[in-house]
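What follows is a single structure, written as structure tokens, with notes after it.
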Amino acid sequence: MLNSEYYPQKIEKKWVEYWDKNKTYKTPDISDKPKYYALSMFPYPSGKLHMGHVRNYTITDVIARFKRATGYNVLHPMGWDSFGMPAENAAIQHGANPKEWTLNNIDYMKKQLKMLGLSVDWDREATTCKEDYYKWTQWLFIQLYKNGLAYKKEAPVNWCEKCSTVLANEQVIDGKCWRCDSVVTKKNLSQWFLKITDYAEILLEDLDKLTGWGDNVKTMQANWIGKSYGTILKFKVKEIEGLEIPVFTTRPDTSYGITYLVVAPEYKDIEKLTTQENKEQVEKYRENAKKMSEIDRLSNERIKTGVPLGTHIINPFTGRICPVWVADYAIVDYGTGAVMAVPAHDERDFDFAKKFDLPIIQVIDGEGYKSDCAFVEPGVLVNSGEFSGMNNEEAKEKITKYAQDNGFGYSKVQYRLRDWLISRQRYWGAPIPIVYCDKCGAQPVRDEDLPVKLPTDVDFSVQGKSPILTSKTFMETTCPICGGKAVRESDTMDTFICSSWYYMRYADARNDKAPFSKELVNKWLPVNQYVGGIEHAILHLLYSRFFTKALKNMGLLDFDEPFTNLLTQGMVLKDGSKMSKSKGNTVDPDEIFANFGADTARLFIISDSPPARDFDWSDAGVEGCYKFLCRVYRLYSKYQNKIKLNYTIEDNLDKKSLDLIREVHIAIKKITSDIENEFQFNTVVSKYRELTNSIYEYIRDENDINYEVLSFALVTLLKLISPVAVFMSEEIYQTLNGIGSIHEQPWPKYDESKTLQNNITLIVQVNGKIRDKIETISGKSNEDLTKLAMNSEKTKPFIEGKTIVKTIIVPNKIVNIVVK
RNA sequence: GGGCGAGUGGCGAAAUUGGUAGACGCACCAGAUUUAGGAUCUGGCGCAGUGAUGUGUAUGGGUUCGAGUCCCUUCUCGCCCACCA
């Protein structure tokens with residue numbers, strides 16, 4: 001028996017246990033049905049779910065349930081991105097053990113996810129901080145290493161003093177650490193890198209294949225990869241025989257306008273290029289640049305600084321002798337680290353030349369040229385010897401060719417993408433499985449010795465170095481080649497590596513022989529629908545694409561893009577700004593579950609905005625959804641003894657019943673197409689409400705109810721709403737003695753012919769303005785419609801005394817009379 | 001500075017993709033029920049006007065029988081990147 005009122009608290013827990021016990025959401029690897037892989041970005045186990053999680057996972061879960069009902073074998077897994085700083089910070093601040101802290105959080109959040117009613121196959125759970133997972137992260141690293149995609153080099157790196165670790169370029173936001181928000185400085189360290197730059201071109205090219213991704217994400221990735229076509233020009237140093245400075249330029253056409261050269265403070269030949277007289281000031285400048293944090297550099301944006309080195313180059317085009325300067329507006333790891341300066345046609349060079357009183361030579365002329373600012377528009381070459389008079393686009397080619405023919409240049413494609421720095425001087429990550437032997441050098445750990453386990457005898461309170469270095473048992477080991485004494489690599493891997501392959505692991509999560517079998521990974525992937533936050537548009541998605549392509553080249557899998565369709569959901573806001581603890585505008589999912597139930601939370605979070613847009617949480621909105629579910633529930637509670645799951649609808653029905661039947665068919669059609677088309681759940685919810693309103697109207701006169709028709713409407717509504725109100729629909733379905741779970745039942749089908757209206761409202765327009773609305777039957781001929789429109793009393797005054805030019809007819813909809 | 005996206009009632013938003021603008025909901029107003037409140041049910045609700053009607057999708061223009069939707073102008077907001085030569 002159903003209660004007379006809706007009490008989600010009495011319903012929901014019961015079905016969580018039932019689904020667990022019956023393995024309702026277990027996904028078989030073998031099935032007659034086509035596969036569908038619905039994936040949410042897995043959470044970091046920070047302690048508790050927040051509303052962003054609720055939104056993300058509800059969206060994916062509704063998709064998974066819909067696909068299951070429409071005949072797919074759906075993989076909908078969940079896991080934990082569980083390495084990273086917060087666990088270690090908890091260890092430092094509260095003396096907790098990072099592992100325990102993390103596993104406790106996972107425990108709690110897993111319960112919350114179950115309470116949220118996710119249809120996840122928990123047998124495939126993947127936890128990146130567990131040995132059975134990071135063993136394979138390490139194994140994959142070794143494969144990358146063996147394929148030349150992992151290497152170590154000394155490099156100036158972004159250093160976060162607070163986290164005492166290195167950060168990838170992608171993790172420096174506005175000169176600050178992406179995690180702790182403190183200022184980032186530069187430091188020279190020997191670091192591990194992955195050679196993502198080898199894949200720059202293919203990562204860019206294949207963006208075109210991703211038709212299921214939003215253009216915004218693709219543009220962000222393309223900008224990040226930053227391909228540009230240009231020319232390398234090599235300049236002889238006047239004072240030093242045999243020394244050249246190569247530069248990268250996208251404007252070889254302006255070569256005749258070069259008046260000086262700039263090298264980055266970290267430029268490799270800078271000491272050779274500095275004369276004795278200038279040594280002191282150059283060293284001071286370089287020292288300053290080193291100390292200056294990223295944020296200082298940004299805040300000093302466009303204020304140019306620099307000092308001359310004392311040496312000069314010879315411009316091979318003009319023979320002009322130009323001074324070489326050091327300035328921090330040149331970036332050491334882009335291009336060659338040196339820039340040719342053409343102040344007349346580059347804003348940065350212009351500012352610099354003005355400040356230090358360097359010459360400015362115009363070499364391009366065109367409309368709008370002014371001598372008091374840099375002219376960067378296309379134009380015609382002047383003051384450029386044999387190239388004068390040439391269009392500048394043409395000159396780019398010709399000048400590059402000239403340089404090539406004369407041995408001092410060539411064309412070059414340049415990317416902004418840098419290699420991926422993966423070393424972290426932290427404890428809570430997957431150890432990089434490398435050992436250093438005095439005799440044999442750096443050697444990867446043998447497969448049979450994996451995983452390299454994290455030590456437990458560490459002191460987390462050490463400052464300025466990795467806690468791993470305090471472990472006695474970890475560091476000392478033997479060489480896998482010679483068996484002699486060796487030392488382990490103490491760096492752990494960036495957690496983005498763990499998250500670059502987790503979606504592959506789900507395909508074969510309990511495999512203890514390999515990260516996954518080729519057969520299963522090829523069966524389940526690529527992911528059909530990936531859902532997550534826009535904040536991962538660059539980092540995670542680019543890294544994952546890189547991993548997929550690299551693993552494909554190694555023969556571990558056969559597809560080249562991991563995610564076919566990507567849905568980036570908007571943020572959850574409260575009072576117009578992002579929910580955050582510091583603002584104190586958070587809403588705790590636990591409280592919503594306790595007060596209104598998970599079904600209400602699910603319904604509300606998908607109801608008000610389309611998934612891609614930001615969503616403003618409001619307490620009134622939650623209550624509105626709760627009331628709606630109460631309203632739905634009451635229908636089933638009231639008629640529970642009259643509803644039949646197997647109804648038969650007779651032919652001779654009154655208009656009222658036919659109207660309701662039509663509404664039901666329309667609802668099926670609309671809801672189905674709205675889910676299939678971009679997951680427009682907000683309008684799906686509107687349709688739930690409209691259908692519910694129609695049913696309420698149908699039962700208003702209690703003496704005039706056809707219970708077969710009512711059953712049809714209610715049973716259909718129940719299935720339509722079941723992907724969202726997962727608990728309530730199950731409760732009602734099983735109370736009505738349905739077989740199995742409602743979540744195993746097929747999606748309702750509609751009959752197109754039954755969605756059609758017999759009656760229409762004809763709109764009569766004169767010159768496009770509405771003058772009358774006429775109720776009539778559908779399917780009338782154009783002549784009849786015109787006649788109807790002409791006879792309209794309301795329309796006549798607007799036609800009388802005027803000439804009818806023509807009449808435009810939209811069948812069953814509009815007659816537009818055009819008069820003069 | 002560059003790139004992308006968006007501007008529709010008091011609010012969140014719909015609009016079969018060029019064909020009745022504001023579906024559905026929140027808030028609000030009125031009525032029914034109730035001792036009262038809550039809940040529930042019924043009706044109303046862009047703006048101006050008693051009314052017929054006029055007017056209305058940031059702005060100004062254009063194309064069209066017809067524009068929220070297409071094209072151009074200007075403005076505003078959001079996000080991402082940003083000294084990348």
Side-chain angles (χ1 to χ4, degrees), chain A residues 5 173-174 214-224 226-228 230-231 247-251 254 262 264 297-298 300-305 327-331 333-342 345-349 351-352 414-418 534-535 537-538 568 570-571 576 604 607-610 612-625 627-628 630-631 634 669-670 673 680 682-693 696 700 761-770 772-773 794 797 805-811 813-819:
Chain A
E5 288 296 323
I173 295 148
D174 290 335
D215 284 338
N216 54 343
V217 176
K218 286 194 278 187
T219 313
M220 279 158 72
Q221 292 217 351
N223 288 344
W224 193 263
K227 183 179 187 175
S228 61
T231 304
V247 303
F248 173 75
T249 179
T250 54
R251 295 297 304 274
T254 62
V262 174
R297 275 178 85 142
L298 285 173
N300 288 338
E301 194 182 346
R302 282 188 189 87
I303 296 171
K304 296 288 183 290
T305 59
D328 62 4
Y329 83 89
I331 298 162
D333 52 0
Y334 183 75
T336 63
V339 183
M340 66 180 222
V342 185
H345 304 290
D346 182 283
E347 284 169 22
R348 294 152 301 183
D349 299 343
D351 291 346
F352 194 85
Q414 181 69 41
Y415 300 92
R416 294 175 64 167
L417 185 70
R418 316 289 155 89
I534 187 78
E535 67 273 18
I538 298 173
T568 49
M571 288 185 298
F604 179 53
S607 66
D608 261 13
S609 300
R613 224 181 290 184
D614 286 350
F615 173 83
D616 208 340
W617 183 275
S618 78
D619 295 336
V622 186
E623 274 180 52
C625 285
K627 282 182 197 168
F628 171 67
C630 291
R631 190 170 142 88
R634 274 197 303 274
K669 182 181 178 179
K670 170 81 174 153
S673 73
Q680 295 174 46
N682 52 330
T683 51
V684 168
V685 174
S686 297
K687 206 67 204 174
Y688 291 157
R689 290 176 184 275
E690 283 182 64
L691 183 56
T692 305
N693 289 346
Y696 264 95
R700 201 180 296 171
T761 307
L762 182 73
I763 304 300
V764 182
Q765 298 180 328
V766 178
N767 289 348
K769 284 206 183 280
I770 296 159
D772 201 3
K773 299 178 184 180
K794 286 184 179 173
V805 182
K806 59 174 162 177
T807 317
I808 283 143
I809 296 152
V810 182
K813 235 173 218 170
I814 288 173
V815 174
N816 186 10
I817 305 161
V818 186
V819 300

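Computed over heavy atoms, backbone and side chain alike; hydrogens, waters and symmetry mates excluded. Predicted model only: the values in this text are computed from it and were never measured. Naming: A, B, ... by sequence-line order, numbering from 1 per chain.
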Query raised in the report: Stepwise, does the salt bridge (Lys or Arg N to Asp or Glu O under 4.0 Å) test hold for A/R418 with A/D333?
Result: CA-CA 8 Å; A/R418 316 289 155 89; A/D333 52 0; 2.8 Å; yes
**Report entry** Audit row: A/I814, A/I809, side chain to side chain contact (heavy atoms under 4.5 Å, CB included) steps and yes/no
**Finding:** CA-CA 6 Å; A/I814 288 173; A/I809 296 152; over 6 Å; no
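A straight line from CD1 of A/I808 to P of B/G19 spans 14 Å, rounded to a whole angstrom. A/L417 has its CG atom 14 Å from the C1' atom of B/C81, to the nearest Å. If you measure from atom CG of A/N223 to atom P of B/C81, you get 10 Å, rounded to the nearest angstrom. Following rounding to the nearest Å, A/K670 (NZ) and B/A14 (C1') show an atom-to-atom distance of 8 Å. If you measure from atom CG of A/L762 to atom C1' of B/U20, you get 11 Å, rounded to the nearest angstrom. Put simply, CG on A/D614 is 13 Å from C1' on B/C77, counting in whole angstrom units. A straight line from CG of A/D333 to P of B/C83 spans 12 Å, rounded to a whole angstrom. When the P atom of B/C11 is taken as reference, atom CZ of A/F604 falls 17 Å away, rounded to whole Å.
Checking B/U20, B/G19, B/C81 against every side-chain atom of A/R416, the shortest atom distance belongs to B/C81. In this structure, the nucleotide among B/C24, B/C65, B/C81 sitting nearest to the side chain of A/N816 is B/C65. When distances are taken from the side chain of A/M220 to each of B/A85, B/A82, B/C80, the shortest belongs to B/C80. Distance from the side chain of A/K773 is smallest to B/U20 among B/U20, B/C24, B/U55. Candidate nucleotides B/A85, B/A13, B/G66 were compared by shortest atom distance to the side chain of A/P610, and B/A13 ranks first. Proximity note for A/A330 (side chain, C-beta onward) versus B/A85, B/C24, B/U16: the nearest is B/A85. Considering only side-chain atoms of A/I770, the nucleotide from B/A85, B/A14, B/U20 that sits closest is B/U20. Side-chain atoms of A/R634 lie closest to B/C41 of the nucleotides B/G19, B/C41, B/A85. The listed nucleotides are B/U16, B/A85, B/C83; the one nearest the side chain of A/S228 is B/A85. Proximity note for A/V818 (side chain, C-beta onward) versus B/A85, B/U16, B/C65: the nearest is B/C65.
Its glycosidic angle being within 90° of 0, B/G9 falls on the syn side. For B/U42, the O4'-C1' to base torsion is more than 90° from 0; the nucleotide is therefore anti.
The partner of B/A58 is B/U74, judged by Watson-Crick or G-U wobble contacts that both fall below 3.5 Å. Shown here, B/G1 forms a base pair with B/C81; the pair counts as Watson-Crick or G-U wobble because both key distances fall under 3.5 Å. Across all strands shown, the partner of B/G31 is B/C41, judged by Watson-Crick or G-U wobble contacts whose two distances both fall under 3.5 Å. Figure legend. B/A14 is base-paired to no nucleotide; pairs are counted as Watson-Crick or G-U wobble with both atom distances under 3.5 Å. Base pairing of B/A52 is not made with any nucleotide, judged by Watson-Crick or G-U wobble geometry with both donor-acceptor distances under 3.5 Å. The pairing partner recorded for B/G9 is none, the criterion being a Watson-Crick or G-U wobble arrangement whose two distances lie under 3.5 angstrom.
Looking at heavy-atom distances under 4.0 Å, A/D349 makes no contact with the nucleic acid at all. A/Q765 comes within 4.0 angstrom of a nucleotide base, judged by non-hydrogen atoms across all strands. Among the protein residues, A/I763 comes within range of the nucleic acid bases, having at least one heavy atom under 4.0 Å from a base atom. A/K806 comes within 4.0 angstrom of sugar-phosphate atoms only, judged by non-hydrogen atoms across all strands, and of no base. Using a 4.0 Å heavy-atom criterion, one finds that A/Q680 contacts the sugar-phosphate atoms exclusively.
Atom CG of A/D346 sits about 9.0 Å away from atom CG of A/D351, to the nearest 0.5 Å. Considering CE of A/M571 and OG of A/S609, their distance stands at 12.0 Å, rounded to 0.5 Å. Taking CG of A/D608 as the reference point, atom CG of A/D614 lies at 13.0 Å (rounded to 0.5 Å). The CG atom of A/N816 lies 11.5 Å from the CD1 atom of A/I763; values are rounded to the nearest 0.5 Å. The line from CZ of A/R631 to CG of A/N693 is 4.5 Å long, rounded to the nearest 0.5 Å. With rounding to the nearest 0.5 Å, the separation of NZ in A/K813 from CD in A/Q765 is 12.0 Å.
At B/A23, none of the side-chain N or O atoms of A/N682 fall inside 4.0 Å of OP1 or OP2 (strictly under the cut-off). Contact check, A/R631 against B/C41: a side-chain N or O comes under 4.0 Å of OP1 or OP2. Dashed line: the shortest gap from a side-chain N or O of A/K627 to OP1 or OP2 of B/A39 is under 4.0 Å. Within the structure, a side-chain polar atom (N or O) of A/R613 is placed less than 4.0 Å from OP1 or OP2 of B/A14. Remark: A/Y688 is not in phosphate contact with B/C24, judged by side-chain N or O atoms under 4.0 Å from OP1 or OP2.
Along RNA chain B, the nucleotide nearest A/T305 and the nucleotide nearest A/Y696 are compared for position; the residue whose nucleotide lies closer to the 5' end is A/Y696. A residue-by-residue look at A/T219 and A/G335 shows that A/T219 has its nearest nucleotide of RNA chain B further toward the 5' end.
If you check distances only, the side chain of A/N216 never reaches the base of B/C4 with a donor-acceptor pair under 3.5 Å. Residue A/T250 places no side-chain atom within donor-acceptor reach of the base of B/A85, judged by atom type and a 3.5 Å distance cut-off alone. Side-chain atoms of A/K304 come within donor-acceptor range of the base of B/C83, with a qualifying N/O pair under 3.5 Å.
A side chain to side chain contact (heavy atoms under 4.5 Å, CB included) with A/T219 is found for exactly one of A/N223, A/V217, A/N216, namely A/N223.
For B/C4 and B/C41, the P atoms lie 49 Å apart once the distance is rounded to whole Å. Comparing the P positions of B/U57 and B/U20 gives a spacing of 16 Å, expressed to the nearest Å. One P atom belongs to B/C70, the other to B/A58, and the distance between them is 12 Å to the nearest Å. Comparing the P positions of B/A32 and B/G38 gives an interatomic distance of 15 Å, to the nearest angstrom. The gap from the C1' atom of B/U63 to that of B/C72 amounts to 11 Å, rounded to the nearest Å. B/U59 and B/A67 are spaced 16 Å apart, taking the P atom of each and rounding to whole Å. Using C1' as the reference atom, B/A82 and B/G3 are 10 Å apart when rounded to the nearest Å. Between B/G44 and B/G25, the distance separating the two C1' atoms is 16 Å to the nearest Å.
A/F615 has its ring centre less than 6.0 Å from the ring centre of A/F604.
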